There are 2 protein chains.
Amino acid sequence: MENTRRRGAALEADLLDAAWTELQAVGYARLTMEGVAARARTGKQVLYRRWANRAELVVAALRHRQGGSMADQVPDTGSLREDVLAVLRQMAERQRDIGQDVVHGVLAEIGEPRVEVFEIMREVMTTVLERAAARGEIPTADVPPRIMTLPTDLVRNEIVMRSEPLTEATLTEIVDEIFLPLVRRG
Amino acid sequence: MENTRRRGAALEADLLDAAWTELQAVGYARLTMEGVAARARTGKQVLYRRWANRAELVVAALRHRQGGSMADQVPDTGSLREDVLAVLRQMAERQRDIGQDVVHGVLAEIGEPRVEVFEIMREVMTTVLERAAARGEIPTADVPPRIMTLPTDLVRNEIVMRSEPLTEATLTEIVDEIFLPLVRRG
DNA sequence: CTCCCTAAGAGACGGAACGTCTCTCAAGGC
DNA sequence: GCCTTGAGAGACGTTCCGTCTCTTAGGGAG
């Protein structure tokens with residue numbers, strides 16, 4: 001028998017891992033606090049002591065799973081086109097990892113971390129554009145905000161609305177047919 | 001005492017009205033089959049005989065509430081810009097009417113009426129562009145599909161992600177800064 | 001080293017809503 | 001006027017919620 005009792009950060013990491021595993025096993029809709037507690041071999045109270053409800057737990061589990069924010073590693077390939085594509089690929093990858101039902105579930109039950117998502121992508125694109133302007137690829141980094149976040153907005157739309165995973169073709173279409181033409185003639 | 005027993009279409013309309021009223025009263029998250037049944041002064045079985053679950057009932061109630069599809073009345077103002085703006089205003093209006101939590105709830109619990117939404121908007125935009133081409137406003141109606149649904153995709157993204165209702169400024173920005181420049185130079 | 005406070009672990013609990021079922025009796029077709 | 005259908009009503013077992021209580025292990029304070 002396991003006779004050691006987990007505590008503090010070690011326990012918390014176990015709980016978040018259990019939540020993530022449960023998420024993969026049964027999906028967001030069927031994820032229950034009881035299920036997570038059972039998987040972590042503990043009681044519900046231990047969960048409720050840390051997170052007020054399912055949504056908070058799941059958000060914490062997602063954050064725990066994928067380390068830092070996307071703003072921490074902005075792609076820098078030396079080409080605007082490749083940088084933007086890299087950003088979009090990162091988003092697509094996260095979608096694949098997380099799964100659509102989780103996205104919808106969190107969207108439905110969460111109050112407001114959506115603004116945060118917007119802000120992060122705007123930061124990332126700002127950096128990408130500033131570098132492109134510094135290289136002389138585009139005349140100025142002073143692109144209208146709506147155009148700046150156009151690629152990430154479109155990808156987000158695909159993630160939320162489409163059931164199939166994003167294809168590379170979709171990403172290049174967004175960049176080559178829509179984004180680049182608009183910024184090139186700023 | 002009410003001694004008449006409702007039947008068929010009349011009853012169904014009452015049920016859908018009750019579902020809609022309940023939706024407005026308590027929101028999607030708190031809507032229950034029992035609540036709707038009570039409001040319609042009937043039993044749960046009457047609901048389950050027609051719809052398998054909450055999501056189906058709510059979708060039916062939404063459809064019942066707002067008559068036909070948007071494809072039935074495509075705006076025809078004589079100007080491409082105004083037509084597109086009219087389409088986007090219709091979407092914004094529906095958002096205001098329906099409410100964001102309902103959008104998220106349905107998105108989370110529904111299997112696949114999302115493709116349908118895509119198709120309808122693509123039809124609408126096809127008509128709008130064909131008329132514009134016939135008037136000579138644009139060289140050809142043969143616009144790449146992704147550009148065609150660009151305005152509606154962006155508005156949908158705003159509806160799903162932003163909590164505040166869409167402003168007129170946002171709509172004109174989408175049309176004037178993004179959509180028109182892209183279609184004008186075919 | 002020992003005491004003691006905090007929180008882990010375990011489960012009982014009342015409540016809400018689910019979806020199924022059973023039963024009676026009105027309505028409307030034949 | 002008979003008979004099939006399904007409306008109306010509520011009981012039922014189940015699942016999960018979020019709260020609570022109780023015992024006991026861990027680890028810091030002295």
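A note on names: the letters A, B, ... follow the listed sequences, proteins ahead of strands, and every chain is numbered from 1. The structure presented is a predicted model; accordingly, all values stated were derived computationally and were not measured. The figures here come from the full heavy-atom set of this structure, side chains too, leaving out hydrogens, waters and symmetry mates.
Taking atom CG of residue B/L31 and atom P of nucleotide C/dA16, one finds them 17 Å apart after rounding to whole Å. Counting to the nearest Å, the C1' atom of C/dA17 and the OH atom of B/Y28 are 14 Å from each other. Atom P of nucleotide D/dA7 and atom CG of B/L15 are separated by 8 Å, given to the nearest angstrom. Atom C1' of nucleotide D/dC17 and atom CZ of A/R30 are separated by 18 Å, given to the nearest angstrom. Summarising the geometry, the separation between CH2 on B/W51 and C1' on C/dC18 is reported as 18 Å, rounded to the nearest angstrom. In this entry the distance linking CD of A/E56 with P of D/dG18 reads 11 Å, nearest Å. Atom-to-atom, CZ of A/R39 to C1' of C/dG9 comes out at 19 Å; the value is rounded to the nearest Å. Regarding A/R54, its CZ atom lies at a distance of 17 Å from the P atom of D/dT15, rounded to whole Å.
For C/dG11, its base never sits under 3.5 Å from the side chain of A/K44 at any donor and acceptor pair.
We find that A/D97 and A/R65 are joined by a salt bridge, their nearest charged nitrogen and carboxylate oxygen being less than 4.0 Å apart.
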Contact string for nucleotides 3-8 of chain C, one letter per nucleotide 5' to 3', B = base within protein heavy-atom range under 4.0 Å, S = sugar-phosphate only, - = neither, reads ---BBB
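Put simply, the side chain of A/W20 does not reach to within 4.5 Å of the side chain of A/R39, judged on heavy atoms.
For residues 72-83 of chain A, the side chain to side chain donor-acceptor pair (under 3.5 Å) pairs, not counting sequence neighbours, are A/T77-A/D83, A/R81-A/D176.
For B/E12, the side-chain contact (heavy atoms from CB on, under 4.5 Å) criterion is met by B/L16, B/R50, B/W51, not counting sequence neighbours.
The two residues A/T140 and A/A133 have their closest heavy-atom pair at C-CB, 4.0 Å.
A/R135 CZ: more than 12 foreign heavy atoms inside a 6.0 Å radius.
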